Amino acid sequence: MPRFCARCGAPEAPDRPIIAGLCPRCYVEVRRPVEISQRVEITYCPRCYSIRVRGRWLPVSSYEEFMERAKELIRSGIRARDPNAKLLSVDVSMEFDEPRARVTVALLLGGRAVVSIEREVAVSWRRRLCPMCFRRAGGTFEAVVQVRFFNYDERVVEKLKSIALSSEFANDVVELEENRWGFDVKVGSSFVAKRLAEVLRRSVDLPSKLVESFGDVRRSRDGRRRGRLYISLRFINLRRGDYLVYRGRAYTVDSVSRHGVVLEDSSGRRMRVSYAELIEGFRK
Ligand SMILES: [Zn+2]
Ligand SMILES: [Zn+2]
C-alpha cells in the first residue's frame with residue numbers, strides 16, 4: 001500500500017521517501033533537522049588579519065585564507081541534529097565586511113532523498129588587535145629567547161624558526177630577529193618563553209645549554225623591580241677542528257661522537273669529555 005505525506009499528501013516515490021510520516025520537504029520544514037546559527041561573530045585583527053577561532057588567534061598568509069577561515073567559522077555553526085539527517089555539504093557565500101552570508105546545505109534524508117536548504121546568516125565583523133599586534137603597537141615583551149649555535153647550521157635554524165613561528169606560539173611571539181649566530185625571539189609572556197625554549201631544545205638532537213638571566217631591570221609602577229627575562233639556548237654542535245675554551249683552557253676539537261668529544265690542548269694532550277661535562281665548563 002503506497003504511503004502518503006501526512007502534511008501535504010504527496011505519495012511515496014523512489015526519490016521521495018516518507019520519513020516519520022512526512023515527505024522530505026515537509027520533514028525539513030516541520031522537524032528542522034539542521035541547526036544553523038542565525039548570527040555569527042567574526043573577530044579579526046585589522047593589522048595582520050589573524051582571525052580568532054575558539055579563543056585562539058590564527059595567522060593567515062593571504063586574503064583567500066582569511067576568507068576560508070571566516071567561512072569555516074560559519075560552517076562550524078551548522079550541524080545535523082536528527083538521526084534521519086546527514087550533512088552532505090555546506091556551501092557558504094560571503095563577502096568581506098558584509099553583514100550577511102548565504103548558506104546552502106545539502107542534506108541526505110532517510111538515507112535516500114537529497115534536500116537542499118538555503119538560509120541567510122547575520123555576520124558581525126569585529127575588529128580587535130591580536131596580542132601580537134597589540135604588543136607591537138605598545139612595544140612590550142617580557143622575555144627574549146636567544147638561540148645560538150657553535151656552528152651556524154641553516155637547516156636546524158630553519159626548523160627551529162618554523163616552530164617559533166607556528167600557531168602554537170603565534171599568540172605570544174612578538175618578533176623574530178635573525179642574526180649571524182642564530183636568532184632572537186621576543187616573547188610577550190616569560191612563561192611562554194620558557195616553554196618555547198624547552199620545545200626548541202627538545203626538537204633537535206644536539207647537546208645544548210640553557211641559561212636564564214635578567215636584564216633591563218626597572219622599577220615598575222607598583223614599586224617592584226622587574227627585569228626582562230633572557231633565555232640563552234646554545235646548541236653545542238661541534239665539529240672536528242673547532243676551537244673552544246673549556247674550564248679556562250684552550251682546546252681544539254679532535255673528534256665528535258654521540259656521547260661527547262675528544263679535546264686536544266696545545267701540547268697535543270687529548271682528553272675525552274662528555275657533553276654533560278662540556279656544557280658545565282664551556283665557553284666559546
Ligand atoms: Zn509533504
Ligand atoms: Zn594582528
Side-chain angles (χ1 to χ4, degrees), residues 1-34 40-73 80-86 96-97 105-119 123-144 161-177 184-189 192-193 196:
M1 198 178 85
R3 298 195 292 168
F4 297 91
C5 172
R7 189 165 174 256
C8 71
E12 183 161 41
D15 62 341
R16 197 197 299 131
I18 300 296
I19 310 145
L22 296 167
C23 73
R25 264 286 139 227
C26 292
Y27 192 91
V28 166
E29 282 171 32
V30 173
R31 302 282 288 256
R32 299 188 167 274
V34 192
V40 174
E41 210 175 89
I42 298 174
T43 304
Y44 69 98
C45 173
R47 291 215 180 163
C48 69
Y49 290 86
S50 289
I51 195 159
R52 197 172 148 90
V53 179
R54 284 182 289 278
R56 283 172 71 98
W57 288 89
L58 303 179
V60 298
S61 54
S62 65
Y63 175 74
E64 288 72 25
E65 197 186 345
F66 173 81
M67 286 307 289
E68 200 34 60
R69 287 249 155 92
K71 288 176 181 176
E72 194 49 49
L73 274 178
R81 57 177 170 194
D82 185 312
N84 291 316
K86 192 177 162 232
F96 175 59
D97 234 7
V105 177
L107 198 65
L108 185 68
L109 277 184
R112 274 198 284 159
V114 177
V115 182
S116 152
I117 303 171
E118 282 203 21
R119 288 270 192 288
V123 182
S124 14
W125 298 85
R126 299 229 180 286
R127 295 155 64 97
R128 194 174 127 191
L129 280 184
C130 73
M132 203 162 129
C133 292
F134 182 80
R135 288 197 194 96
R136 219 172 250 162
T140 65
F141 51 97
E142 285 182 4
V144 183
K161 265 170 53 191
S162 71
I163 293 170
L165 294 174
S166 69
S167 63
E168 186 184 354
F169 296 105
N171 283 358
D172 297 278
V173 166
V174 175
E175 195 176 29
L176 189 149
E177 225 171 32
D184 289 353
V185 193
K186 293 175 183 168
V187 187
S189 123
V192 175
L196 172 64

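In each ligand, atom 1 is the first atom listed, and ligand 1 is the first ligand listed. Here, residue 1 is the first one in the sequence, and each next residue gets the next number. Note that the structure is a prediction, hence the values are computed from the model and not measured. Atom set for the values below is all heavy atoms of this structure, side chains included, hydrogens, waters and symmetry mates excluded.
Partners of K71 according to the salt bridge (charged side-chain N to carboxylate O under 4.0 Å, His left out) rule, which considers only residues two or more places apart in sequence or in another chain, do not exist here. Residues passing the side-chain contact (heavy atoms from CB on, under 4.5 Å) test with R112, sequence neighbours excluded: E12, P17. Considering only residues two or more places apart in sequence or on other chains, R52 meets the salt bridge (charged side-chain N to carboxylate O under 4.0 Å, His left out) condition with none of them.
C26 contributes SG and C5 contributes SG; the angle these two atoms make at the Zn ion (ligand 1) is 110°, rounded to 10°. Angle subtended at the Zn ion (ligand 1) by C8 SG and C23 SG: 110°, rounded to 10 degrees.
Distances from the Zn ion (ligand 2) under 2.8 Å pick out these protein N/O/S atoms: C45 SG, C48 SG, C130 SG, C133 SG.
Each of W57, F96, Y63 was evaluated against Y44; a single residue qualifies, F96, per the ring pair (Phe, Tyr, Trp, His ring centres under 6.0 Å) test.
Taking the six-membered ring where the residue is Trp, F66 and Y49 present perpendicular rings, their angle passing 60° and hence far from 30°.
Within 6.0 Å of the CZ atom in R7, the count of heavy atoms belonging to other residues, nucleotides or ligands exceeds 12.
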**OP:** Assess whether side-chain contact (heavy atoms from CB on, under 4.5 Å) is satisfied between L176 and D184, documenting all intermediate values.
**Re:** CA-CA 6 Å; L176 189 149; D184 289 353; over 6 Å; no
